[in-house]
Amino acid sequence: MLTNVATALFGLADMWAIGRLGDAPAQGAVELGAKFMMALLNVFNFLRTSTVALTAQGAGRGTTHAQAETLARALAVALGIGTVLLLAMPLAIPFGLDLLGAKESLRESARHYIAIRYWAAPLWLGNCALVGWLIGQRLVRHVLVVEVAANLVHIALDMLLVLLAHWGVAGVAIATLTSECFKFIVLGILVLRRSDGRGVLTSFAARTTWRRRELAALFALNRDLFLRTLLLTAAMLLFARSGAQDGPVTLAANGILFQLFMLAALILDGFESAAQVLCGEALGARERTRFDKAVRSSMLWAGAAALAMTLAYAAGGEVLAARFTTDPAVAARSATYVPWLAVLPLASFTSFVLDGVFVGTGWTRAMLGTMALALAGYTLLLWLLHPLGNAGLWSAFTVFFLLRGAGQLVLTPRKTRSSFSTS
């Protein structure tokens, strides 16, 4: 959980630094640029989640070599995807800005931000594989130290480049690119310092790493996770596009609130990661009682954390949001929609925990189905609630998470019986 809080500080630091300039269009451009990069990269987050699941299952079976081979395959996939993304850069940036509805000066500022930050894409993909492997090995403290160090570098660069050097949007992008590079180097050193991590180097040349059965399992898991994340990214893009249609002030206000929601989401994602590891290990060891205990404890602790965040945002969300801008119009618009920010942690914690359960156990096809149904409901609500403006957008976004959690709750008992029927 603390590791994910550190991750959330990346976006919050950027929004705070650019908000100090009191320039709503610049803040809106960073928001659009960040959404573009999130849409581009988060669809490949399966590298992290699948690596966690497969590493944890290997740990449950006690097969050290399988864990090294898992990381080797994940890094190879990261390298391949990163190469394709860089080759597609000249086409991807204008297409993404068209998709987000960016126009005139807002479009140009967002394009400038993306053109710099885009070069961090291969590093981000590599970090997904390395972080996933370390979490699957239960080396979460190592990841936490790296995330904190990378955030300190990021925040220092934001202050230097944005507030002192006055590089604006470009300064924010350079800070992100540099901190991703720093993170990749340190994670790589941590992995190679471990004996099982050094086994990754020999695994690249081992024929067993590239056997059809292991590759088929990897790509089957990654396919479902990719499509599921693609649908989730579509929901986020719809959110950003709808907010952009109401002008730069609403876009900037939504950007602040969304980053605060991402803080809550990444805290809850910590429980998702724990559920992935614990449930994956339980399935690998074929222990149903251990699995049930992991699910219950993850739900209980995530629910308590969600309630605490809801109360915190309800009490201080308006003041907190105002700290991210010096523009009175943006601060006032943010305050209007803080109640939705307060509701979201409680509305979403079930879906986060069950995502971890479904990934850790390999129930990714079922998770994809529930995501598709939730997105369909979300899209319908966006159309029905369009007359309510930005309030309709936030209400549809909240229901989206409720639908995801409800669908997974319905499927969990049947999937559990099926997975442990031979134990």
Side-chain angles (χ1 to χ4, degrees), residues 1 45-46 48-63 66-67 70 132 135-138 140 213-214 216-229 231-232 268-306 346-375 377 400-423:
M1 182 177 73
N45 198 45
F46 61 77
R48 178 180 181 272
T49 50
S50 64
T51 303
V52 171
L54 294 172
T55 303
Q57 289 177 20
R61 293 190 296 269
T63 52
Q67 297 169 55
T70 293
I135 291 175
Q137 294 271 8
R138 294 200 180 200
V140 182
R213 184 179 66 181
E214 281 72 16
L218 172 68
F219 285 109
L221 185 63
N222 282 347
R223 178 198 61 216
D224 295 337
L225 289 172
F226 171 77
L227 292 174
R228 169 259 183 189
T229 310
L231 295 179
L232 178 60
L268 295 174
D269 189 63
F271 297 102
E272 176 184 342
S273 296
Q276 283 180 32
V277 174
L278 295 174
C279 293
E281 288 180 349
L283 181 62
R286 310 301 298 169
E287 295 181 12
R288 169 69 184 271
T289 302
R290 180 177 168 187
F291 172 83
D292 290 339
K293 183 179 179 180
V295 174
R296 285 195 302 269
S297 60
S298 296
M299 290 289 285
L300 177 64
W301 285 106
L346 276 179
S348 61
F349 83 89
T350 299
S351 65
F352 279 99
V353 173
L354 292 180
D355 275 354
V357 174
F358 277 50
V359 172
T361 52
W363 303 339
T364 50
R365 180 59 58 88
M367 185 171 68
L368 173 61
T370 59
M371 177 65 77
L373 290 174
L375 181 62
F400 169 65
F401 285 99
L402 290 171
L403 292 174
R404 285 181 59 203
Q408 290 168 309
L409 276 175
V410 170
L411 292 178
T412 297
R414 179 169 62 85
K415 298 298 294 183
T416 302
R417 288 193 298 269
S418 175
S419 293
F420 289 91
S421 59
T422 59
S423 61

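Source: prediction; values computed, not measured.
Ring planes of F401 and F352: parallel class, angle under 30° (limits at 30 and 60°).
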- Item | Evaluation steps, side-chain contact (heavy atoms from CB on, under 4.5 Å), between L411 and F358 | CA-CA 10 Å; L411 292 178; F358 277 50; 4.2 Å; yes
- Evaluate side-chain contact (heavy atoms from CB on, under 4.5 Å) for T416 paired with W363, printing each intermediate quantity in order. CA-CA 10 Å; T416 302; W363 303 339; 3.4 Å; yes
- Check against side-chain contact (heavy atoms from CB on, under 4.5 Å), T229 and M371: CA-CA 9 Å; T229 310; M371 177 65 77; over 6 Å; no
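Nearest heavy-atom pair, L268 versus S348, reported as atom, atom and distance to 0.1 Å: CD1-OG, 3.7 Å. Annotation for F291 and T361: closest pair CE1-CG2, 3.5 Å, computed over non-hydrogen atoms. When all heavy atoms are compared, the tightest approach of A347 to L402 is O-CD2, 3.6 Å. Contact detail for F349 and A306: the closest heavy-atom pair is CB-CB, 3.8 Å. Between V353 and A302 the shortest heavy-atom distance is CG2-CB, 3.3 Å.
Partner of R404 under the side chain to side chain contact (heavy atoms under 4.5 Å, CB included) criterion, chosen from D355, T350, T370: D355.
For the pair L278 and R138, the minimum side-chain heavy-atom distance is below 4.5 Å. The closest side-chain heavy-atom distance from D292 to R296 is below 4.5 Å. Using a 4.5 Å cut-off on side-chain heavy atoms (C-beta onward), V357 and S298 make no contact. The shortest distance between side-chain heavy atoms of I135 and V277 falls below 4.5 Å. When side chains are defined from C-beta on, L354 does not count as touching M367, because their heavy atoms never get closer than 4.5 Å.
With S297 contributing its side chain and A294 its backbone, the two residues share a donor-acceptor pair below 3.5 Å. Remark: side-chain polar atoms of T412 are paired, donor with acceptor, to backbone N or O of Q408 under 3.5 angstrom.
With rounding to the nearest 0.5 angstrom, the CZ atom of R365 is 10.0 Å from the NZ atom of K415. Annotation: the span from S419 atom OG to R286 atom CZ amounts to 7.0 Å, rounded to 0.5 Å. For the atom pair CD of Q276 and OG1 of T51, the computed distance is 10.0 Å after rounding to the nearest 0.5 Å.
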